[in-house]
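All remarks here apply to the structure that follows.
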Amino acid sequence: MASGARNGGLGSRTAAKMDRQQSSTATPKAPAGKPRLSAASGAYRRTSSGPLPAAGGRNSSESGVSSRVRVAVRLRPRNAEEQAADADFADCVELQPELKRLKLRKNNWESDTFEFDEVLTEFSSQKRVYEVVAKPVVESVLEGYNGTVMAYGQTGTGKTFTLGRLGDEDTAARGIMVRAMEDILADITPETDTVSLSYLQLYMEMIQDLLDPVNDNIAIVEDPRTGDVSLPGATVVEVRDQKSFMDLLRIGEAHRVAANTKLNTESSRSHAILMVNVRRAVKGRSEMNVSMSAENGHSSSMMDSLRPPIVRKSKLVVVDLAGSERIDKSGSEGHTLEEAKSINLSLSSLGKCINALAESSAHVPVRDSKLTRLLKDSFGGTARTSLVVTIGPSPRHRGETTSTIMFGQRAMKVQNMVKLKEEFDYKSLCRRLDIELDKLIAENERQRKYFDDEIERITAEAQYRVAEAEKECKISLENEKMKYHQEYLDSIKILEEKWKVHQQSPKKQIKEPEPTSNGDVQDLLQNEKMLRQSAEDESNDLKNQLSHWKKMEATATAEVVRLRRMLDTEASQKDKLEEEIAVLKSQLMQLSLDADETRMSLDTGDGPGKIFPGLDSLMSHSRNSQPREQSNGPKAPVAKLFEQVGLQKILSLLESEEPDVRVHAVKVVANLAAEEANQEKIVEAGGLTSLLMLLRSSEDETIRRVAAGAIANLAMNETNQDLIMAQGGVTLLSMTASDAEDPQTLRMVAGAIANLCGNDKLQTRLRGEGGIKALLGMVKCGHPDVLAQIARGIANFAKCESRAATQGNKVGRSLLVDDGALPWIVKNANNEAAPIRRHIELALCHLAQHEVNAKDIVSEGALWELVRISRDCSREDIRMLAYRTLTSSPTLQSEMRRLRIEC
């Protein structure tokens, strides 16, 4: 069944009527947190604040922020049947959207008045409904919180039109589902973020998959540790663009069960549930590059710099409840009657749970229905929830309209504890380590192959050179031998010939030349000796060359041996590296288990969050000093660490060159400073000076946040306040406030300045060094925790000024008024957050106590706030202070008489 044909009881003319004339009839929405004065009663009423800002914590176990379920009521215009049948009767409801009120007529004389967070008339457009009902929830989901948007009402009052209208014919008619997904897809980064969805229906107490109709009985699985509910059997589809999302919605709407009844021709017979899961990588956090090369010597310190990436996981649940109906009016029978019974039974169970939560009952019957189990996180859980209740104008259905309105009133009393869903992405870290491991193994294999090839090349070259040298030596030796042998034979032959000649000649002839012949023989013999000596020298030279080549061969062999030893060393280093990687993996698994146990402990409220010491040397010293029997016990607390290691060594680590060591050291100092007994020791040891130096020099947001928190703890002591002022602490805090963007850092800085504001002696110096300007500058953050610290600082300052003026130590107008703080005080005097409102009310009363400030009080409109405080403030002491201020000031009395205001 296509969604365009089914609009929850609103016909095409009715839908067009709801989308027209928004600009001329809709009341402009007041800015979040700004009070408005009611013309009828003269009293202020508060509007809801904007989306919750993201916390700076690291996991979902941080303490949540209380958030009430927001409820809006939407009136459906009369349809054709009602225009004909009820033409002579007035509507049973009267809307007052500017006052956010609804009047339900009992008869022509009596009516009941109800207040809601938003009142939407029959002329309110779909865009207006989305912006006031669902957009704050969608923004919270994008920041890491769970969110729920739900429609409740009688059948035929426009629930499906409000939530599930696709807007194929008219884009202005798009419902909350389509508009929410447009905003989500526009805000995410496709490279790092993912969006997936499941589309289900709860029909006859069976959970069915609208994207896979064969899957018609999905089981609910509840985590025994955290209590979270999941549907592992549901189809989960990743969404990349709006077109694919629209196609999935059309598939789901085609499979949703509907029927024709007397009250609605296309009555939904099931509860439709759209679950959108958003997974976002946290931006602005640097990821360490893990270097695992053994050549540069950093493999052993790899664990010290390992940082897993951080992701935020949130879920948006959009619930289109089936309409409640009375059998006698709807005319249901047969199978339709059984469907109506199942719908009414599940809605009745939901109502019981809402009643129990509104009354803070000890038992909430969430297990009575699968619907209540699925909505466990939406009511009384950790999700930010917006509910739109739809009603019709017909007086014939006054009973159903009354029941719907009372359901919305009870839902407004339900408080949820909204928590940030942030965790470490260990799977991504493991994938990254596997990639690095594969790279190292490939690099090691490549180097080993290179060494093997180099050894083979050097060996072959040495063998070739030795063989060539031997061959050349042998050839040269043979040639020399042959040469000298031939010369020897030639000389013998010559001597023999001469000897024969002498033997044949006469004796006389022989006798006469004898001396000469003997001399020639001697010369020849002498020459023969010289030639033989030369041949021997040449032979010795060749032998020396042969010996030299043999030595070169031995050197080459030694080089081969050395290279083999190097290869063995590399293999040994590879084995050590693989052992370190194995240890790293085991430590990483242990770290993951510890993180899960910590998250579970914090989620269940078993105790405060752990403080990760992070100081290897300190923890090693602490562990070594404990008995061996306690080696497997819990880690020593910060106080134990302080006693065993010593404050001086902890403070010295604040100047370490390692960023992680500085972060963990400043965390330890901050925890020590939280105890009053340690503050004097920290200041005497130079800890305050070191913390101020960190504010001046560090660019790390975490270090500045924790250092500011430690300074805020130290600033609770009057002696320390003088030291902070003397060392330029206010100027450094102001500079930190101007540079910081993290709400938690701003909260710490505002808390430190607020503590200084409570010292009478420092008023002028504090203002002169920009302390008040810094407080007012942090207002733009908008985080309720930051605003609470700002309000506390202004209240402290105003109280000290009031005391100084009463004692005669101060004259003239308030410094707060001079610095422009009064408009912000008036704007937030009726803030929804009780801590902010209480401090602002007290500051306003102190400012108004002195006549010199009275004209500014009147001109800024603060008189109305003083009147409201004197009447409606929940604290009697502030209420009486406001009353005394109004009755004792001539200027304020004169203005009240002029405006005819009674105190």
Side-chain angles (χ1 to χ4, degrees), residues 57-60 144 185 188-196 232 236-241 277-314 421-454 566-599 612 614 616 658-661 663-664 700-702:
R58 281 208 151 188
N59 53 55
S60 61
L185 292 176
I188 66 169
T189 304
E191 292 77 10
T192 58
D193 306 336
T194 59
V195 177
S196 60
V236 180
V237 182
E238 185 171 344
V239 179
R240 288 292 182 180
D241 51 52
N277 296 288
V278 181
R279 183 182 185 274
R280 307 194 71 182
V282 177
K283 298 179 180 179
R285 309 268 185 95
S286 62
E287 294 186 1
M288 293 289 184
N289 292 324
V290 182
S291 175
M292 303 179 70
S293 174
E295 296 178 353
N296 55 20
H298 290 295
S299 60
S300 61
S301 61
M302 183 171 54
M303 278 298 295
D304 296 337
S305 61
L306 189 62
R307 289 292 181 277
I310 299 174
V311 295
R312 288 178 179 170
K313 295 182 179 179
S314 56
K421 306 295 181 181
E422 191 174 80
E423 62 184 31
F424 290 118
D425 189 3
Y426 291 106
K427 292 183 179 179
S428 175
L429 179 61
C430 288
R431 289 195 298 270
R432 189 174 69 188
L433 289 177
D434 288 339
I435 293 173
E436 290 294 332
L437 180 60
D438 292 339
K439 289 182 179 178
L440 287 172
I441 292 175
E443 178 66 18
N444 183 270
E445 291 178 352
R446 186 188 66 80
Q447 290 184 359
R448 183 165 185 173
K449 185 176 184 301
Y450 171 78
F451 286 139
D452 290 341
D453 294 343
E454 190 69 13
M566 288 177 59
L567 184 61
D568 294 338
T569 303
E570 291 293 334
S572 175
Q573 291 180 354
K574 176 189 173 184
D575 295 338
K576 291 182 180 179
L577 181 60
E578 291 176 349
E579 291 177 2
E580 288 185 3
I581 292 173
V583 172
L584 170 62
K585 285 191 173 182
S586 64
Q587 291 177 350
L588 182 61
M589 293 178 62
Q590 184 62 37
L591 179 62
S592 176
L593 294 174
D594 292 343
D596 291 340
E597 292 175 1
T598 304
R599 187 181 303 109
F612 181 73
D616 295 339
E658 294 292 333
D660 288 346
V661 175
V663 169
H664 299 145
D700 189 283
E701 188 73 15
T702 302

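- Between Val239 and Asp241, the closest heavy-atom pair is CG1-O, 3.4 Å.
- A pairwise comparison of heavy atoms in Arg279 and Lys313 identifies NE-CE, 3.9 Å as the closest pair.
- Closest approach of Ser314 and Gly144 over heavy atoms only: CB-C, 3.7 Å.
- With sequence neighbours excluded, the residues forming a salt bridge (charged side-chain N to carboxylate O under 4.0 Å, His left out) with Arg240 are Glu238, listed by chain and number.
- Checked for salt-bridge contact, Glu445 and Arg448 miss the test: no charged N lies under 4.0 Å from a carboxylate O.
- To the nearest 0.5 angstrom, Lys574 atom NZ is 11.0 Å from Leu440 atom CG.
- Here the closest non-hydrogen pair linking Thr192 and Ala281 is CB-CB, 4.0 Å.
- The CD atom of Glu443 sits 4.5 Å away from the CD atom of Gln447 when rounded to the nearest 0.5 Å.
- In this structure, the side chains of Arg280 and Ile188 come closer than 4.5 Å at one or more pairs of heavy atoms.
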